[in-house]
Every structure is written in structure tokens, then in C-alpha cells.
Amino acid sequence: MNEAHEALDGMGRKILAAVRTDLYLSMHFLGPSLESLSPVMDLSTHTVGTDGTYIRYNTSFLMQVYLERPRRLNRTYMHMLMHCLFRHMYAADQYEDQELWGLCCDIAVESVIDTMDYPAIDDIVTDRRMAVYEDLKSRVKVLTAQRLYRDFTSRERDYREEARLEQEFGRDDHSFWERLNDRQSGQDGNMNPSLQQPSGLKGSDHGNEDQNRPDASRDEKPQQAGALSLTLRKMKEDEWKKNAQKLHAELTLGNLAGTEKGSLERTLSYSLEKRADFTAFLQKFLVTREEAGVDPDSFDYGFYYYGMELYGNMPLIEENEFREARKVEQLVIAIDTSASCERTLVQKFLNDTASLLLRGDSFFHRTDISIIECDDQVQNVLRIRSTEQMKEYADRFVIKGGYGTDFRPVLRYIDEHPSDYRGLKGLMYFTDGYGIYPARPAPYDTAFVFEKDEDYEDKDVPKWAVKLYI
């Protein structure tokens, strides 16, 4: 590294150190998160960006912005920090349109920063921004990147408007996200040397000095390089999740005013929500019983072939005609038909549920599923005895009721019909979450089911119940 390169590198580090100090003095609770990013000069970018481990910068860009608008650089640093806390770069490979995903992430983090009241990042929220936020919030309750992406892709795309939004909300270089996912896929052999972990920096002590050589990945087998990158990527993602959890705890338990932390606490809460899996929840209700069908595991082919060889066409043993199986035998599915729960949402839930039940091997061929439709009272009860009936019901569903929401009548109905629900192990209640929840726990596993990324209110779900997202 020549003297000019060292001087540029040193200048960039000093600028970022000053910015980090300014942010820390204004927001002490960001301390652990600020320590999780190390600076490294990277001339493959004209601006600045992060891959979750390093802030990769072009010193010329930092110098220009720092001299002209130092607070803008504070906002850019905070912008990248929010990307890391929400782990946007680690989810990027799940989305087909990478540019749109980046735009949604930018809007999401800027919408949070604009609600925070701290001198280091204070800026005027333009009328243009406020109009964008109001428009998006009319369709999307919480402005997370995942929900915004779904909103953009669910309607006709306006690429010119998206370009204008990128000009308004974009602050950093997202190309490092794509390269991060390339490294995860084991494509390290063609990686730009500037993207190798630099030696002598915090966060880079994952290997010895030889591993930090620009050509180190070329010396490894591709599978080994890919596995190593995947491990380091997972470690860093877990670190950011822990940072987010610590930050959320401090915001929740601390003495900060709501106007100071803005929507950060709420958005973090959503991103950290533990979400139970539908199929995993069904495992709670498995029962063992015999059903018709060949059981190859209990069949001894040795005796079968011996009989065929000895007698020509008479096996000494044949396949069992019954087998033991562990499947769901009985389940209650309650559907919120209140005015706040849109019919299209309910229809989608039924289609998804029917698809899950018909796909795979979760239910016995003859089963007992009760569908209870309810708003503030039970409107309809249907007993379904086969997966075919479930599909037919989903296709012909017509919403009844449409008033307020009260979850208690369903539990009362089950209590009042003990002979119909003897031995019931589980209830799944599909809803948008707005309603009166029962105070006492049910004697069977109860889950309130929400449509993932749609508008719902799940903070009042009782502790004894499970939250499911499908």
C-alpha cells in the first residue's frame, strides 16, 4: 500500500470515527451496534455501503459530504446501521427483484429515522416524503421492507416513480449485498480482492494472515470457501440479531420518550417476532393409529423371494395391509368473519390451508375438522370428514356476519358441545387480531393465525396462546 493510498485510507477512517462519535454522543443506546461495523476503504464503490461486517467507503465521497453536509453523513451512517439491525442484506437473496428489494429497504429505514428526534440525525421531512409515507401507510400498516416489497409487486409497477423514490430515499451502495450472497454461494474464487477481509481490522480475525491474502480463496476448494463464507455470514447475522434484541430491550425498558425513539421500537419488535410454523404446530396434534396401506418397513423381502424360488409362485410372506401412522385426527379451525377481516384475506387463508392439508401426509384420509365461522357470535359450524371436503369448502366459502370481533364465543361453543370435541387437542383461529381475547386459557393448544405481511394486530394475543403466520 503506497503513501497516497494510506493517506486516503486514514482520512476516511478519521471521518467515519468522527461520525460514529457524534452518533454515540447523541444516542448512547447504539453503542454495541456501532462497534459491530469496521471501516475499510474500497475503491470498487463511488460512495459508501455495508455488507454487514464492514463499512466500505470511497474516501473522496466521504470528504466531499463531510465538508459540505456533515449531518447528511450522520444520516447515511445511521441508514446503514438500520439496514444491519433489520438484517436486510441477509434476506436479499430471497427476493427476485434485487433493485426493488433495495428500494423497499431504503424506504423502511428512512421512515424509522424520520420519526426519531435526535440532533445528530435531525433533518427536515419534506412534503414529498410525508406524501409517500401516507400513501404507503394507507395500504401497509407497518413500513417494513418485506411488506413494502409485497405491496409494490401486488400492483402495477411504475418504474419511473420507483426511480424517483430511489433518488429520495437511497443513501448507500447495495452492491455489497449481492456480493455477500455470491460469497455465500461459494463464488469466492472470482471475488474482487477489495472484498476480501482486510487484516488488522476489528472483525477480521476469523483466520490467520494467509487467509486474508487477496488470492487466499483461490487456494481453497470452492466447496470449502463457500462453507466458510456461509458460516461467517451466519455468525454475523446472529450478531446483528443479538444487537437488535439488546437495542429493543433498552428502548422498551429505558426512559426514552416516545418522540425520541420514534417507530424504531415498534419496527424492531416486528422484525424480532418469533413466528411459529404452521406444519410444526400441527405436530402437536399427531396421534398414532393404523390405516390401510402397505408398510414396506415391516416387510421381510427375504422370506418373500425364498418362497417364490422354492414354490415358483407362492411367497411365504406378503406385505402388511395396514400400517401405523402418526397424523392429525381432529382439529378445530375458527374463522374471523368480522368487518375488519376482509373476505379476500379469509379466502386466501382457506386456500393456503386447504393446500397445506392436501399437500403432504398430515391428515388421515378420514378425519374430523370443524370449521367455526364467528364475528361477535358463532355464525356457522361445519364438520369436515375428508380433505376433499376441505377443498370444496374453501372453493365455495361465503362470508357470513361482518360485525365486531369476539374470540370467546368459539371457545364457549366447544365447551357447550363436549361430546363433539372429546379429546380435542388443537384450535387454530384465523383473524386480523382486532377483537376481544379470552382471559382464561383453553384446555387444548390454541393458535391465532395471521396472514404473513398483511395488516394485523397481534400484540394482545394471550401469553398462553401461540401466534402462527402463514
Counting distance only, does the side-chain N/O of Thr446 pair as donor-acceptor with the main-chain N or O of Ala442 below 3.5 Å? no

Can the ring centroids of Phe430 and Phe450 be said to lie less than 6.0 angstrom from one another? no

Side-chain contact test, heavy atoms from C-beta onward, threshold under 4.5 Å: evaluate it for Ile372 versus Ile335 and give yes or no. no

Verify side chain to side chain donor-acceptor pair (under 3.5 Å) between Tyr133 and Asp114, making sure each step is shown before the conclusion. CA-CA 10 Å; Tyr133 292 150; Asp114 280 336; 2.6 Å; yes

Polar contact flag, side-chain donor to acceptor under 3.5 angstrom, Asp42-Tyr54: no

What distance do Ile121 atom CD1 and Arg75 atom CZ have between them, rounded to the nearest 0.5 Å? 6.0 Å

Nearest-0.5 Å distance, CZ of residue Arg13 to CE of residue Met41: 9.0 Å

Is it true that the NZ or CZ of Arg20 lies under 6.0 Å from the centre of Tyr24's six-membered ring and within 45 degrees of the ring axis? no

If only atom types and distance count, is the side chain of Glu373 paired as donor or acceptor with the main-chain N or O of Ala334 below 3.5 Å? no

Taking C-beta and beyond as the side chain, do Ser36 and Asn243 meet within less than 4.5 Å on heavy atoms? yes

With side chain to side chain contact (heavy atoms under 4.5 Å, CB included) as the test, would you mind laying out the steps for Leu30 and Leu81 before giving the verdict? CA-CA 9 Å; Leu30 289 178; Leu81 204 63; 4.1 Å; yes

How many angstroms lie between atom OH of Tyr118 and atom CE of Met116, to the nearest 0.5 angstrom? 5.5 Å

For Val132 and Leu165, work out which heavy atoms get closest and say how close. CG2-CD2, 3.7 Å

Between the CZ atom in Phe407 and the OH atom in Tyr429, the distance rounded to the nearest 0.5 Å is 6.0 Å

Can you tell me how far apart SG (Cys104) and CD (Glu99) are? Round to the nearest 0.5 Å. 12.0 Å

Measure centre to centre between the rings of Phe176 and Tyr57, then say whether the value is under 6.0 Å. no

Between Glu239 and Lys236, does any side-chain N to carboxylate O distance fall below 4.0 Å? yes

Taking all non-hydrogen atoms of both residues into account, name the closest pair between Gly426 and Tyr444 and its distance. N-CB, 4.1 Å

Is there a side chain to side chain contact (heavy atoms under 4.5 Å, CB included) between His174 and His88 once you walk through the steps? CA-CA 10 Å; His174 293 175; His88 287 155; over 6 Å; no

Flag, side chain of Lys467 to backbone of Asp458, donor-acceptor distance under 3.5 Å: yes

Note: Arg56-Asp172 ion pair, threshold 4.0 Å (strictly below): no

Intermediate values then yes/no, side chain to side chain contact (heavy atoms under 4.5 Å, CB included), Trp464 and Arg440: CA-CA 9 Å; Trp464 50 266; Arg440 64 179 180 83; over 6 Å; no

Would you find a donor on one side and an acceptor on the other, under 3.5 Å apart, between the side chain of Asn58 and the backbone of Leu43? no

If you count every heavy atom of other residues, nucleotides or ligands that lies below 6.0 Å from Ile124 atom CD1, does the total exceed 12? no

Here the pair of heavy atoms bringing His46 nearest to Phe61 is O-CB, 3.4 Å

Main chain of Leu23, side chain of Ser26: is a donor-acceptor contact present, judged purely on distance under 3.5 Å? no

Around atom CZ of Arg160, are there more than 12 heavy atoms from other residues, nucleotides or ligands closer than 6.0 Å? no

Counting only N and O atoms by type, is there a donor-acceptor contact under 3.5 Å from the side chain of Ser263 to the main-chain atoms of Arg266? no

Taking the side chain as C-beta and beyond, is there a heavy-atom pair between Thr153 and Leu100 under 4.5 Å? yes

Among Met89, Glu96, Gln146, exactly one meets side chain to side chain contact (heavy atoms under 4.5 Å, CB included) together with Trp101. Which residue is that? Gln146

Check whether any side-chain heavy atom of Lys241 lies under 4.5 Å from a side-chain heavy atom of Gln245, and answer yes or no. yes

Using only heavy-atom distances, determine whether the side chains of His79 and Glu110 contain a donor-acceptor pair under 3.5 Å. yes

Would you name the heavy atoms of Pro438 and Phe448 that are closest together and state the gap between them? CD-CZ, 4.5 Å

Is it the case that the side chains of Arg179 and Ser44 hold a donor-acceptor pair, with the cut-off being a distance below 3.5 Å and no angle test? yes

Under the 3.5 angstrom rule, does the side chain of Thr267 hit a backbone N or O of Leu264 as a donor-acceptor pair? no

Please give me the minimum heavy-atom distance between Ala92 and Gln98, naming the atom from each residue. O-NE2, 2.6 Å

Student check: side-chain heavy atoms of Arg147 and Arg139 closer than 4.5 Å: no

State the CG-CG distance between Leu73 and Leu16, to the nearest 0.5 angstrom. 6.5 Å

State plainly whether the residues Asp238 and Arg87 are in salt-bridge range, i.e. N to O under 4.0 Å. no

Are the aromatic ring centres of Trp177 and His83 under 6.0 angstrom apart? yes

Please determine whether the number of non-hydrogen atoms from other residues, nucleotides or ligands lying under 6.0 Å from atom CG of Asp127 exceeds 12. no

Sidechain N-carboxylate O distance under 4.0 Å for Lys425, Asp445: no

Exercise: do Asp336 and Thr431 side chains pair donor with acceptor under 3.5 Å: yes

Within the side chain of Arg233, is there an N or O that forms a donor-acceptor pair under 3.5 Å with the backbone of Tyr90? yes

For Asp376 and Thr405, does a side-chain donor sit closer than 3.5 Å to a side-chain acceptor? no

What is the minimum heavy-atom distance between Arg71 and Ala120, and which atoms define it? CG-O, 3.5 Å

Check this for me, if you would: do Arg128 and Glu161 make a salt bridge, where the nitrogen-to-carboxylate-oxygen distance has to be below 4.0 angstrom? yes

Would you check if Val40 and Ile55 make a side-chain contact, meaning some heavy-atom pair closer than 4.5 Å? no

Quick one: are Ile113 and Met82 in side-chain contact, heavy atoms under 4.5 Å? yes

Look at the side chain of Arg69 and the backbone N and O of Gln64, then say whether any donor-acceptor pair between them is shorter than 3.5 Å. no

Got more than 12 heavy atoms from elsewhere within 6.0 Å of CD, Gln167? no

When you check the side-chain N and O atoms of Thr45 and Asp173, is any donor under 3.5 Å from an acceptor? yes

Beyond-backbone contact of Thr76 with Val65, side-chain heavy atoms, under 4.5 angstrom: no

For the pair Tyr149 and Asp97, evaluate side chain to side chain contact (heavy atoms under 4.5 Å, CB included) and give the outcome as yes or no after the intermediate values. CA-CA 9 Å; Tyr149 186 92; Asp97 191 329; 3.6 Å; yes

